[in-house]
Trainee: 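Can you read through this structure? Questions will come right after.
Order of the sequence lines fixes the chain letters, A, B, ..., with proteins taken first and strands second; residue numbering starts at 1 for each chain.
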Number of protein chains: 2
Amino acid sequence: MSRTPPHPTREQIELPLVLDCLSDPIRLAIVYQLAQQERVSNELCCGDFSGLAGKSNLAYHFGKLRECGLMLTRVAGTNRFMRLRREDLEARFPGLLDAVIGSAAKDASRLQLIAECDVVEAG
Amino acid sequence: MSRTPPHPTREQIELPLVLDCLSDPIRLAIVYQLAQQERVSNELCCGDFSGLAGKSNLAYHFGKLRECGLMLTRVAGTNRFMRLRREDLEARFPGLLDAVIGSAAKDASRLQLIAECDVVEAG
DNA sequence: CCTTATGTTCAATGTTTATTGAACTATCGA
DNA sequence: TCGATAGTTCAATAAACATTGAACATAAGG
């Protein structure tokens, strides 16, 4: 459980798998939050998504996002820090990630991109 | 079987459903071929996709593509003509469709975007 | 009217998927 | 060393999905 999990190389990233990954509302919310974070520390860890689903369910979705090449997991102590593979995605599928994130942002309220606790805090 | 099937309104088009639709290789190939056709007649009918799958399987995928708002079906005699809902998609999710189609074009050989018979004809 | 071509609908099949809780592993701090 | 924290893995379950062939509906053409 301690070692860095496997990631696909840039060339191994496949369009249908990426789209399928992004089509799940929980994973889309994860990607969206990671994109928001790019302006700041660039990384988030599992606990930061606790508003979206239970821990084991999140681990399942993290696995999917990692396996399809959307994000990178870095192990540090008991934490796993994650960030988007923006450069690799841009190289393989130019404009795709931003188009998806921009579309998601437009529908932010319709999709539930923000964890419940954040909404409560904001309200 | 003769009447125009139901389509979602522009506002009813949902991002996760669109992405899920595009994540299937057969549906992605259908969308890709429809995009190619935009330069010409703009429309294709079921038979034009016979290289991708059997008729009943195609009808299933057409249903998915219609229900999620990606394409429009027009009934004319025994034919159903289909075309992309480019304007609606662009209004809802700017840049998304072109990013997906462009990405698919880059991977055209890896994905099997072109029906077998077309490949044979080209070779 | 009969036949053919186009395409849909239905039922059945096997596969994949998301979700859950419990058990587990590993690390950090007192 | 003990306990708390962070996160994964496993097994079980129910729902959704893609695929197939057979039956069906509709319209066009001889």
Side-chain angles (χ1 to χ4, degrees), chain A residues 1-7 14 16-31 33-34 43-68 70-83 111-112 115-116, chain B residues 1-7 14 16-31 33-34 43-68 70-83 111-112 115-116:
Chain A
M1 180 184 164
S2 64
R3 204 132 218 90
T4 300
H7 296 77
E14 299 279 0
L17 295 181
V18 167
L19 294 174
D20 184 50
C21 237
L22 292 168
S23 75
D24 181 278
I26 291 182
R27 290 193 291 264
L28 184 59
I30 292 170
V31 166
Q33 283 187 224
L34 286 173
E43 291 181 316
L44 287 174
C45 63
C46 181
D48 296 320
F49 303 95
S50 59
L52 293 172
K55 281 183 2 168
S56 69
N57 191 219
L58 284 177
Y60 166 75
H61 288 300
F62 293 152
K64 289 258 166 187
L65 287 163
R66 191 184 346 99
E67 286 160 21
C68 87
L70 268 165
M71 74 179 204
L72 202 129
T73 300
R74 179 176 68 86
V75 177
T78 66
N79 291 299
R80 274 82 200 294
F81 290 102
M82 310 187 243
R83 65 173 191 273
L111 313 167
Q112 295 177 303
E116 268 179 59
Chain B
M1 180 182 164
S2 64
R3 203 127 219 93
T4 300
H7 296 76
E14 299 279 0
L17 296 181
V18 167
L19 294 174
D20 185 50
C21 237
L22 293 168
S23 75
D24 181 277
I26 292 182
R27 290 193 291 263
L28 184 57
I30 292 170
V31 166
Q33 282 187 225
L34 286 173
E43 291 182 316
L44 286 174
C45 64
C46 180
D48 296 320
F49 302 96
S50 58
L52 293 172
K55 281 180 7 168
S56 69
N57 191 220
L58 283 177
Y60 166 75
H61 289 300
F62 293 152
K64 288 259 164 183
L65 287 164
R66 191 183 348 97
E67 285 161 22
C68 86
L70 268 165
M71 73 179 207
L72 203 129
T73 300
R74 180 176 67 88
V75 178
T78 67
N79 291 299
R80 272 84 201 291
F81 290 102
M82 310 189 245
R83 65 174 190 274
L111 314 168
Q112 295 177 303
E116 268 179 59

Trainee: Applying salt bridge (charged side-chain N to carboxylate O under 4.0 Å, His left out), can you list everything that pairs with B:R66, at least two apart in sequence or on another chain?
Mentor: none
Trainee: Between C:dG7 atom C1' and B:R74 atom CZ, what is the distance in whole Å?
Mentor: 15 Å
Trainee: Checking all strands, does B:N57 fall into the base, sugar-phosphate, or nothing category for heavy-atom contacts under 4.0 angstrom?
Mentor: base
Trainee: Are side-chain heavy atoms of B:F49 and B:L34 found at a separation under 4.5 Å?
Mentor: yes
Trainee: In whole Å, I'd like the distance from the CD atom of B:E43 to the P atom of C:dT6.
Mentor: 17 Å
Trainee: Counting C-beta onward and ignoring hydrogens, is there a side-chain heavy-atom pair between A:N57 and A:I26 closer than 4.5 Å?
Mentor: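 Counting from C-beta outward, A:N57 and A:I26 do come under 4.5 Å.
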Trainee: Between A:S56 and B:G47, just flag the one whose closest nucleotide in DNA chain C comes earlier from the 5' side.
Mentor: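 It is B:G47, whose closest nucleotide lies nearer the 5' terminus.
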Trainee: Using only side-chain N and O atoms of A:K55, determine if any of them is under 4.0 Å from OP1 or OP2 of C:dT20.
Mentor: no
Trainee: May I have the distance from A:R3 (atom CZ) to C:dT27 (atom P), rounded to whole angstrom?
Mentor: 10 Å
Trainee: Starting at atom CD1 of A:I30, determine the distance to atom P of D:dG7, rounded to an integer number of angstrom.
Mentor: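 To the nearest whole Å, that distance equals 12 Å.
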Trainee: Report yes if the side chains of A:K64 and A:D24 come closer than 4.5 Å at any heavy-atom pair, otherwise no.
Mentor: no
Trainee: For residues B:I30 and B:F62, determine if any side-chain heavy atom of one lies less than 4.5 Å from a side-chain heavy atom of the other.
Mentor: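 Yes. Closest side-chain heavy atoms under 4.5 Å.
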Trainee: Calculate the interatomic distance between A:D24 atom CG and C:dT17 atom P; express it in whole Å.
Mentor: 11 Å
Trainee: Is the shortest side-chain N/O distance from A:N79 to OP1 or OP2 of C:dT27 below 4.0 Å?
Mentor: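 For C:dT27, neither OP1 nor OP2 has a side-chain N or O of A:N79 closer than 4.0 Å.
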Trainee: Tell me: CG of B:L65 to C1' of D:dC17, nearest whole Å?
Mentor: 14 Å
Trainee: Under the rule for salt bridge (charged side-chain N to carboxylate O under 4.0 Å, His left out), what residues qualify as partners of A:E14, not counting sequence neighbours?
Mentor: B:R110
Trainee: Provide a list of protein-nucleic acid N or O atom pairs under 3.5 angstrom, restricted to nucleotides 28-30 of chain C.
Mentor:
none

Trainee: With a 4.0 Å limit, can you tell me whether B:H61 has a side-chain N or O closer than that to the phosphate oxygens OP1/OP2 of D:dT19?
Mentor: yes
Trainee: Mind checking whether A:C21 and A:V18 have side chains closer than 4.5 Å, heavy atoms only?
Mentor: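 A side-chain contact is absent here, since even the closest heavy-atom pair is not under 4.5 Å.
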Trainee: In whole Å, I'd like the distance from the CE atom of A:M82 to the P atom of D:dT8.
Mentor: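 To the nearest whole Å, that distance equals 6 Å.
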Trainee: Taking atom C1' of C:dG21 as reference, at what distance in whole Å does atom CG of A:L58 sit?
Mentor: 15 Å
Trainee: Which part of the nucleic acid, if any, lies within reach of A:I26 when heavy atoms closer than 4.0 Å are counted: base, sugar-phosphate only, or nothing?
Mentor: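 If one applies the 4.0 Å heavy-atom cut-off, A:I26 turns out to touch the sugar-phosphate alone, with no base involved.
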Trainee: Quick check: on DNA chain D, is the nucleotide nearest B:A53 upstream (toward 5') of the one nearest B:K64, or the reverse? Name the residue that is more 5'.
Mentor: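 Final value for this comparison: B:K64.
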Trainee: On the nucleotide D:dA6, are OP1 or OP2 found under 4.0 Å from the side-chain N or O atoms that A:R80 carries?
Mentor: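 No, no such contact exists.
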